[in-house]
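In this chain, residues are counted from 1 in sequence order.
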Amino acid sequence: GVYTTDPNICTNARKIDRISYDEMLELASLGAKVLDIRAVGLAKRFGVPVHVRSTFTDTIGTWVVEEDKIMESLLVSGITYSKKEARITIKTVPDQPGIAAKIFLPISDAGILVDMIIQNTRDGKLTDMTFTVPRTDYDRAMAILRKVAQEIGAEAVTGDRDIAKVSIVGVGMRNHPGIASTMFQILANEGINMMMVSTSEIKVSCIIAEKYTELAVRCLHDAFALDKDNLPLEDACRLWHAPSNCTTPPCGMAPRPRISISRSKTRSRSAASSTGWALTSSRAAGPAPTPWLWTSSTACRRWNSSAPA
């Protein structure tokens, strides 16, 4: 299946039950080695659920499916890294129209892919241009850019091979502020400097020194509690309970008699479950009430994700 991060680095990495196409595309493009990007893209295009599982056991793996409300409530779904990047900086570039094209057109013509790009403005209408390329193309890119630097009047071209890109991915970033700042603070607490930052709607990527890769992955994995369900408290409560009953801490659910939930063998669109599975409840025998704990969000997700459709 698909894990929250590389189990070889983080021993408490957890297998994900369900993940969206978009999250899997981001993870695959950012360094995860589970699925090929094209395979995920085709599955998304034609709406084909993908079951990622081991060929050696019958254990249930990870479903790659359409995004749902449970996925949106997770802060971060996974952490990945890549040590296949190199960083290049062109210093004191004239800050005027057309300069960026003169820099990147020769790189493009050579078939070299450019990933993260940052432009820093200096005084006197000068700027520094920093970007990343595949490490295998580093030498070719440096040779091309030294010629370009002379043509445009840049001061120097510098580079660094010893970098890594660490990324966090999750569709929940759309609805929950502070994810990026939390990532930055965790890295700062460990003395890890961020050289570059890139964001999209569902991911944040940082370029750091390669020697800190494993440390960064472990710290971020622990900080976002990816070994557990990292649902915000109020979301776990809302998804697991009826909101109208939420009146007391810790999750807003008042103590109540134990409730049993069972799944019928047939689908019923009029049932309480948003996925169409019928729900039934019954009060357990015994006078003592049992608090309904919000930490059952795992069971909630499994309940709602028991079928890929």
Tell me if a side-chain donor or acceptor on [X] pairs with a main-chain N or O of [Y] at a distance below 3.5 Å.
X: T89; Y: T158; answer: no
X: S198; Y: M116; answer: no
X: R87; Y: T130; answer: no
X: D128; Y: N120; answer: no

Would you give the length of the straight line joining atom [atom1] of [X] to atom [atom2] of [Y], rounded to the nearest 0.5 angstrom?
X: D162; Y: I208; atom1: CG; atom2: CD1; value: 12.5 Å
X: M129; Y: I118; atom1: CE; atom2: CD1; value: 11.0 Å
X: I202; Y: M173; atom1: CD1; atom2: CE; value: 8.0 Å
X: I179; Y: F224; atom1: CD1; atom2: CZ; value: 5.5 Å
X: I79; Y: K203; atom1: CD1; atom2: NZ; value: 14.5 Å
X: Q96; Y: L126; atom1: CD; atom2: CG; value: 9.5 Å

Listed partners of E67 passing side chain to side chain donor-acceptor pair (under 3.5 Å), at least two apart |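 For E67, the residues satisfying side chain to side chain donor-acceptor pair (under 3.5 Å) (neighbours in sequence not counted) are R174.
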Side chain to side chain donor-acceptor pair (under 3.5 Å) partners for S54, two or more places apart =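 Side chain to side chain donor-acceptor pair (under 3.5 Å) check on S54 returns nothing, list empty.
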Nearest atoms (heavy-atom pairs only) where [X] meets [Y]:
X: P106; Y: A101; answer: CD-O, 4.2 Å
X: D227; Y: R14; answer: O-CD, 3.6 Å
X: I16; Y: S77; answer: CD1-O, 3.4 Å
X: Y138; Y: A86; answer: CD1-CB, 3.5 Å
X: G159; Y: M142; answer: N-CE, 4.2 Å
X: H176; Y: L75; answer: CG-CD2, 3.5 Å

Derivation and outcome, side chain to side chain contact (heavy atoms under 4.5 Å, CB included), residues E66 and S20 | CA-CA 5 Å; E66 292 286 351; S20 70; over 6 Å; no
Close side-chain approach of [X] to [Y], heavy-atom, < 4.5 Å:
X: L145; Y: F131; answer: yes
X: R18; Y: T62; answer: no
X: V157; Y: I88; answer: yes
X: V76; Y: L226; answer: yes

Verify side chain to side chain contact (heavy atoms under 4.5 Å, CB included) between R53 and T59, making sure each step is shown before the conclusion.
-> CA-CA 7 Å; R53 61 189 301 178; T59 305; 5.9 Å; no
Ignoring hydrogens and angles, state whether a donor on the side chain of E210 or T213 is under 3.5 Å from an acceptor on the partner side chain.
->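 No.
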Do the charged groups of D160 and R135 touch, with an N to O distance under 4.0 Å?
->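 Not counted as a salt bridge, because no side-chain N and carboxylate O are separated by less than 4.0 Å.
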Should E214 and K83 count as an ion pair when the cut-off is N to O under 4.0 Å?
->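 Between K83 and E214 there is a salt bridge, with a charged N closer than 4.0 Å to a carboxylate O.
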Qualifying residue, where the test is side-chain hydrogen bond (donor to acceptor under 3.5 Å, both in side chains) with H221 and the options are T5, T4, D6 =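 Answer to the side-chain hydrogen bond (donor to acceptor under 3.5 Å, both in side chains) test with H221 among T5, T4, D6: T4.
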Do Y212 and I207 sit in the same hydrophobic cluster, where Ile, Leu, Val, Met, Phe, Trp and Tyr count as joined when their side-chain heavy atoms come under 4.5 Å apart?
->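 Y212 and I207: separate clusters.
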Should I107 and I117 be regarded as members of a common hydrophobic cluster, given that ILVMFWY residues are connected when their side-chain heavy atoms come within less than 4.5 Å of each other, either directly or indirectly?
->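 Same cluster: I107 reaches I117 through Ile, Leu, Val, Met, Phe, Trp or Tyr contacts under 4.5 Å.
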Starting from the C-alpha separation in whole Å, work towards a yes-or-no answer on side chain to side chain contact (heavy atoms under 4.5 Å, CB included) for K211 and I163.
-> CA-CA 8 Å; K211 63 182 179 181; I163 64 168; over 6 Å; no
Pairs under 3.5 angstrom only: tabulate donor-acceptor contacts from the side chains of residues 164-172 to other protein residues two or more places apart or in another chain.
unit_1 : atom_1 : unit_2 : atom_2 : d
K165   : NZ     : E85    : OE2    : 3.3
K165   : NZ     : D115   : OD2    : 2.5
S167   : OG     : S205   : OG     : 2.6

Side-chain atoms of residues 24-52: list all donor-acceptor pairs with protein atoms under 3.5 Å, sequence neighbours left out, distances to 0.1 Å.
unit_1 : atom_1 : unit_2 : atom_2 : d
E26    : OE2    : S200   : OG     : 3.4
S29    : OG     : L25    : O      : 3.2
S29    : OG     : E26    : O      : 2.9
D36    : OD2    : R38    : N      : 3.0
K44    : NZ     : D22    : OD1    : 2.4
H51    : NE2    : G61    : N      : 3.0

Going through the checks in order, is the side chain to side chain contact (heavy atoms under 4.5 Å, CB included) test met by L220 and D222?
-> CA-CA 5 Å; L220 291 171; D222 291 342; over 6 Å; no
Count the heavy atoms belonging to other residues, nucleotides or ligands that lie under 6.0 Å from CD1 of I60, then report whether that count exceeds 12.
->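 Open.
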Could you give the side-chain donor-acceptor pairs of residues 189-197 under 3.5 Å, partners two or more places apart or in another chain?
unit_1 : atom_1 : unit_2 : atom_2 : d
N189   : OD1    : Q185   : NE2    : 2.8
N189   : ND2    : Q185   : O      : 3.4

Sequence neighbours excluded, every pair satisfying ring-ring contact (aromatic ring centres under 6.0 Å, His included) that has a member inside residues 1-33 |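 Found none.
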